Amino acid sequence: MGVISSICHHTNLELFFERTGIRSEPMTDLSRASDEELFRLSARGDEAAFTALYRRRHSSVYRFALHMSGRPDLAEEVTQDVFLALIREPNCYDAGKGALASFLIGVARNCVLRHIERDRRHVYVEDASAYDAEADGCDALADLSREEAIESVRQAVLTLPPAYREAVVLCDLEEMPYAGAAEAIGVPVGTVRSRLNRGRGLLLEKLRGLRAASAATVRCAT
Amino acid sequence: MKNAEQLNNAVNLLREATAEQAAPDHLETRLRAAFREQHQTKARPFWLGAWVSAAAGTLAVGAIVWKLAVPGHVEAPPSLRPPAPIASLGSQPAAPVKQEAEVVSTSREQKAASVRIRRSATPLLETRDQSDAEPTPVIAAARTEEFDEIPNAPPMAPQDRGEVIPVRLPKQTFDRLGIPIQADRFRDRVPAELFVGEDGIPRGIRVIYTNEKR
């Protein structure tokens with residue numbers, strides 16, 4: 001179907017851009033504006049500014065929610081809720097209290113934790129002795145394909161207690177500075193550091209435990 | 001050290017694998033719609049002036065034809081003269097039709113002329129009461145002053161509103177739409193504005209020219 005004839009069959013603008021293979025973009029001047037400037041313009045009704053802000057920040061919000069929950073549908077819902085809050089209640093963000101990026105992650109965190117509490121499926125084990133001593137010292141991801149290794153790490157992160165999980169996700173996976181993570185979580189920087197340290201230790205133990213469990217399964221099968 | 005290295009490798013693996021993950025595109029569309037609803041942005045009724053002009057032009061033409069058809073009649077002010085009787089034009093149906101058929105062009109100016117001709121011709125050819133006339137596509141003539149009509153877009157009713165959305169489009173998009181642009185003023189993408197109806201269907205497009213080459 002040609003471009004012109006396809007236009008007359010479009011039912012919305014989204015289809016128009018899909019069919020023509022183009023993507024609407026906000027004017028380039030906004031690309032140099034800070035998050036806070038974009039937010040100010042957006043609060044005054046500038047859709048282009050909102051779009052620029054969304055495109056700049058939505059992926060980090062989405063990934064945070066995905067790493068925390070393991071569910072793409074929930075991550076999408078949380079991302080939507082975060083930016084809807086920005087649209088409907090712009091007064092909830094105070095630039096004097098911290099960066100907008102941290103604020104957005106903070107809102108996402110609250111949404112995700114509410115869902116995690118409701119959906120409690122994992123039992124969080126902190127005691128390292130629960131794992132096979134034979135696994136000590138071995139490379140947790142050795143002999144795994146890349147996809148298997150990625151999935152192992154993803155599962156291991158999901159089994160961390162939420163307080164340690166969010167520290168690992170923000171600081172290690174999203175590479176957020178300690179100060180930013182502290183703002184987002186609402187705790188002192190020192191607390192973030194200690195949670196991250198503990199979370200990393202648990203993560204390593206869990207990876208080794210997963211590998212040991214996997215090796216035991218192979219031994220039984222053979 | 002070995003533990004830290006193993007952990008870093010593991011974390012790096014997951015970080016690299018998920019670096020490009022993002023929310024689906026339809027979420028942006030949904031949020032922008034919510035944003036517009038929240039701020040209730042409405043396009044200025046740019047069609048209003050042209051609609052008034054078209055109506056005035058129709059009355060003026062009708063008055064002239066009526067005067068020619070009834071010579072010596074005491075002329076009422078143009079605004080009070082009724083439109084020309086349809087029957088008197090029955091012998092001349094070819095002229096408006098010929099005008100429509102003549103203008104077949106993709107150039108901007110000629111498109112505007114063809115649309116204007118279509119809009120002024122329509123009331124003269126109608127045999128029913130003016131109030132029963134179907135709403136003519138407001139976007140067609142009204143927007144030729146401002147936007148280029150997107151071909152084959154469905155018409156809008158006069159009372160419908162729309163919105164102006166800034167975009168940046170590849171040059172070839174304008175070629176495909178048959179809209180001429182000053183291509184040498186742009187490098188790759190052309191800044192433009194789309195006029196989109198409330199139904200989400202784009203009806204018009206106009207290029208934003210500035211002094212700076214983009």
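Labels below follow one simple rule: chain letters A, B, ... track the order of the sequence lines, proteins then strands, and each chain is numbered from 1. Just so you know, these numbers come straight off a predicted model, no measurement behind them.
Pairing each heavy atom of B/R32 with each of A/F50, the nearest pair is N-CE2, 4.4 Å. The two atoms that bring B/P24 and A/Y62 nearest to each other are CD-CE1, 4.4 Å, heavy atoms only. In terms of heavy atoms, A/R63 sits closest to B/A19 at NH1-O, 3.0 Å. Of all non-hydrogen atoms in A/A149 and B/L13, the two that sit nearest each other are CB-CD2, 3.3 Å.
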Go through A/L203 and B/L7 one step at a time and tell me if the side-chain contact (heavy atoms from CB on, under 4.5 Å) criterion holds.
CA-CA 8 Å; A/L203 187 61; B/L7 188 59; 3.7 Å; yes
Would B/Q21 and A/H67 satisfy side chain to side chain donor-acceptor pair (under 3.5 Å), going step by step from the backbone distance to the final call?
CA-CA 11 Å; B/Q21 283 184 328; A/H67 285 309; 5.4 Å; no
Please determine whether side chain to side chain donor-acceptor pair (under 3.5 Å) holds for the pair A/Q80 and B/R30, giving the CA-CA distance in whole Å, both sets of side-chain angles, and the decisive distance to 0.1 Å.
CA-CA 9 Å; A/Q80 177 177 278; B/R30 223 182 290 157; 2.6 Å; yes
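In this structure A/E151 satisfies the salt bridge (Lys or Arg N to Asp or Glu O under 4.0 Å) test together with A/R154, sequence neighbours excluded.
A donor-acceptor pair is defined here as one N or O able to donate and one able to accept, closer than 3.5 Å; such a pair exists between the side chain of B/R15 and the backbone of A/D172.
For the atom pair CG of A/L86 and CZ of B/F35, the computed distance is 9.5 Å after rounding to the nearest 0.5 Å. To the nearest 0.5 Å, the span separating CZ on A/R88 from CD on B/E37 amounts to 7.0 Å. To the nearest 0.5 angstrom, A/R44 atom CZ is 11.5 Å from B/H39 atom NE2. Interatomic distance, A/L207 CG to B/N9 CG, rounded to the nearest 0.5 Å: 11.0 Å. Between the CZ atom in A/F83 and the CG atom in B/L27 there is a gap of 8.5 Å [rounded to 0.5 Å]. Atom-to-atom distance recorded for B/R36:CZ and A/I87:CD1 is 10.0 Å, nearest 0.5 angstrom.
Listed in order of number, the residues of residues 175-182 of chain A that approach chain B to under 4.5 Å between heavy atoms are A/E175.
When heavy atoms are compared at a cutoff of 4.5 Å, A/D73 does not approach chain B at all. Looking at A/V157, only its side chain comes within 4.5 Å of chain B, counting heavy atoms on both sides.
Note on B/L31, B/T18, B/N8, B/N12: by heavy-atom pairs under 4.5 Å with chain A, the leading option is B/L31. Of the listed residues (A/P72, A/S42, A/A75), the one with the most heavy-atom contacts under 4.5 Å to chain B is A/S42.
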